[in-house]
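Down below is the structure, laid out as structure tokens.
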Number of protein chains: 2
Amino acid sequence: MTERVNAILDAAENRIRRAGYNGFSFREIASDVGIKSASVHYHFPTKADLATAVAKRYRERFEEAVAKNEAAGAGRVETWKTLFRDSLAEDNRMCLCGILAAEKEGVPEVVADEARQFFEMGVSSIAEVSKDNAENSLAYGLNILATLEGAMLLAQSMGDNTLFDLATANLK
Amino acid sequence: MTERVNAILDAAENRIRRAGYNGFSFREIASDVGIKSASVHYHFPTKADLATAVAKRYRERFEEAVAKNEAAGAGRVETWKTLFRDSLAEDNRMCLCGILAAEKEGVPEVVADEARQFFEMGVSSIAEVSKDNAENSLAYGLNILATLEGAMLLAQSMGDNTLFDLATANLK
DNA sequence: GTCTATAATTTGATAGAC
DNA sequence: GTCTATCAAATTATAGAC
């Protein structure tokens, strides 16, 4: 993964997290990186290719971050909460896959599928720490992840990141 | 509110709930309704006008539905849950304002503000039934609404509406 | 790898006839 | 109110020079 490719992915991730898949263009990405749109197409032929790569990197980084935080002694739920809260605090950006899921029918299927894979990974990751039976563990993972995603949505829309903490204060 | 204007709003609401604000065009709305795009512009000069009207009607209908369900004896949280679940079951459509909030920076400010007003209404509506102090009631309303919004997002992305019920089973 | 140039299409929006 | 016609701009994407 070259430096330039990473810069393109960074710009695309930022743009998508702000305005969605249909809210950014190759020319904007090119301008962010300091090149021309044809050069972006050289690295990622189609918009679907670019967005798929962004979502894939996002999921992989998240898995690594979960593993790292947990190795540092944090509980699984606390880890997911912290990762989302940090990304919200950092730059008012909610979850990439939350946005891609919201506009599902407006994005290429391969991209929507990457979002789906992120959520399956997240639900499993959280369900894993439940001591309950399979059905209840699934419900637990779904409930926690849903609350976190919704809390980011509300905090972003209402323009106050402390609302994320209030909405998720009782999660454990 | 004429019949034609309502048909335009219906089409626009459907399109936005599937693909977001930047995922539909005046020509598509016109085609849905059976007229030409210039006629849509006659009723709603700009895209921001159209989306604002859609979001306003959505909020008003929701407030009426909450009042009606409650008059029929349902609890406040159960009412909100039922309304969202029904709209999900009806046509796999998640909350209009959830989508507009997700792509916040990609929509005109007046439109994002309508989404914000919907969430403030929703949080207050749910917080209202809490017997706790102001801060805890706010946290309660935020938590319930966040979970419902996130549950719609996950169910839609993962392609299984029963996941909404699982994710929200413990809400009360 | 990056550029210029451009093709082909779509978009939001307007003018003016009926 | 709805239409045809059209504009100006933006979009995704490609061809070919360097």
Side-chain angles (χ1 to χ4, degrees), chain A residues 1-55 57 99-100 103-112 114, chain B residues 1-57 99-100 103-114:
Chain A
M1 191 88 78
T2 74
E3 214 175 304
R4 176 63 33 108
V5 165
N6 256 319
I8 292 171
L9 291 173
D10 286 345
E13 181 176 326
N14 270 315
R15 292 274 181 181
I16 295 174
R17 288 172 82 171
R18 283 178 171 69
Y21 179 86
N22 291 303
F24 82 96
S25 71
F26 273 73
R27 277 175 179 75
E28 287 171 329
I29 302 300
S31 165
D32 291 344
V33 175
I35 55 180
K36 296 295 175 180
S37 73
S39 303
V40 180
H41 279 284
Y42 169 79
H43 295 287
F44 301 97
T46 70
K47 202 178 180 183
D49 291 331
L50 174 53
T52 301
V54 168
R57 188 186 69 163
I99 296 173
L100 293 174
E103 53 179 2
K104 186 186 178 192
E105 317 262 296
V107 311
E109 262 186 49
V110 283
V111 178
E114 286 293 333
Chain B
M1 192 89 77
T2 74
E3 215 175 303
R4 177 61 35 104
V5 166
N6 257 319
I8 292 170
L9 292 174
D10 287 344
E13 181 177 324
N14 270 314
R15 292 273 181 184
I16 296 174
R17 288 173 80 171
R18 283 177 171 70
Y21 180 86
N22 291 303
F24 81 97
S25 71
F26 272 75
R27 279 171 179 76
E28 287 170 328
I29 301 299
S31 166
D32 291 344
V33 175
I35 55 180
K36 296 295 176 180
S37 72
S39 303
V40 180
H41 278 285
Y42 169 80
H43 295 286
F44 301 97
T46 70
K47 202 178 181 183
D49 292 331
L50 174 53
T52 302
V54 168
K56 194 164 292 191
R57 189 186 68 162
I99 296 173
L100 293 174
E103 52 180 1
K104 187 185 178 194
E105 316 263 297
V107 310
E109 263 186 50
V110 282
V111 178
D113 196 64
E114 286 293 332

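Throughout, a chain's letter reflects where its sequence line sits, starting with A, and its residues are numbered from 1.
Dashed line: the shortest gap from a side-chain N or O of S39(B) to OP1 or OP2 of dC3(D) is under 4.0 Å. In terms of phosphate contacts, H43(A) brings a side-chain nitrogen or oxygen within less than 4.0 Å of OP1 or OP2 of dT2(C). Between K47(B) and dG12(C) there is a side-chain N or O to OP1 or OP2 distance below 4.0 Å.
What separates OH of Y21(A) from C1' of dT11(D) is a distance of 12 Å, to the nearest Å. In this structure, NZ of K36(B) is placed 16 Å from C1' of dA17(C), rounded to the nearest angstrom. Put simply, CG on L50(A) is 10 Å from P on dA13(D), counting in whole angstrom units. The CZ atom of F44(A) sits 13 Å away from the P atom of dA13(D) (whole-angstrom rounding). Atom-to-atom, CG of D49(A) to P of dT12(D) comes out at 13 Å; the value is rounded to the nearest Å. Atom pair H41(B):NE2 and dG16(C):C1' shows a separation of 16 Å (rounding to whole Å applied).
To the nearest 0.5 angstrom, F26(B) atom CZ is 10.5 Å from I35(B) atom CD1. Atom CG of D10(B) and atom CZ of R57(B) lie 4.5 Å apart (nearest 0.5 Å). Interatomic distance, R17(A) CZ to L100(A) CG, rounded to the nearest 0.5 Å: 10.5 Å. The distance from atom CD1 of I29(A) to atom NZ of K47(A), rounded to the nearest 0.5 Å, is 8.5 Å. Rounded to the nearest 0.5 angstrom, E109(B) CD and E114(B) CD are separated by 13.0 Å.
When the nucleotides dT2(C), dT2(D), dA13(D) are ranked by their closest atom to the side chain of Y42(A), dT2(C) comes out on top. Of the listed nucleotides (dA13(D), dC3(C), dG1(D)), dC3(C) has the atom at the smallest distance from the side chain of I35(A). Comparing dG1(D), dT4(D), dC3(C) by their nearest atom to the side chain of T2(B) picks out dG1(D).
V111(B) pairs in a side-chain contact (heavy atoms from CB on, under 4.5 Å) with only one of the listed residues (D49(B), T52(B), L50(B)), which is T52(B).
Judged by a 6.0 Å distance limit and a 45° cone about the ring axis, K36(A) is not positioned over the six-membered ring of Y42(A).
Residues from residues 22-30 of chain A lying near DNA chain D, meaning a heavy-atom separation below 4.0 Å, are F24(A), S25(A), F26(A), R27(A) in numerical order.
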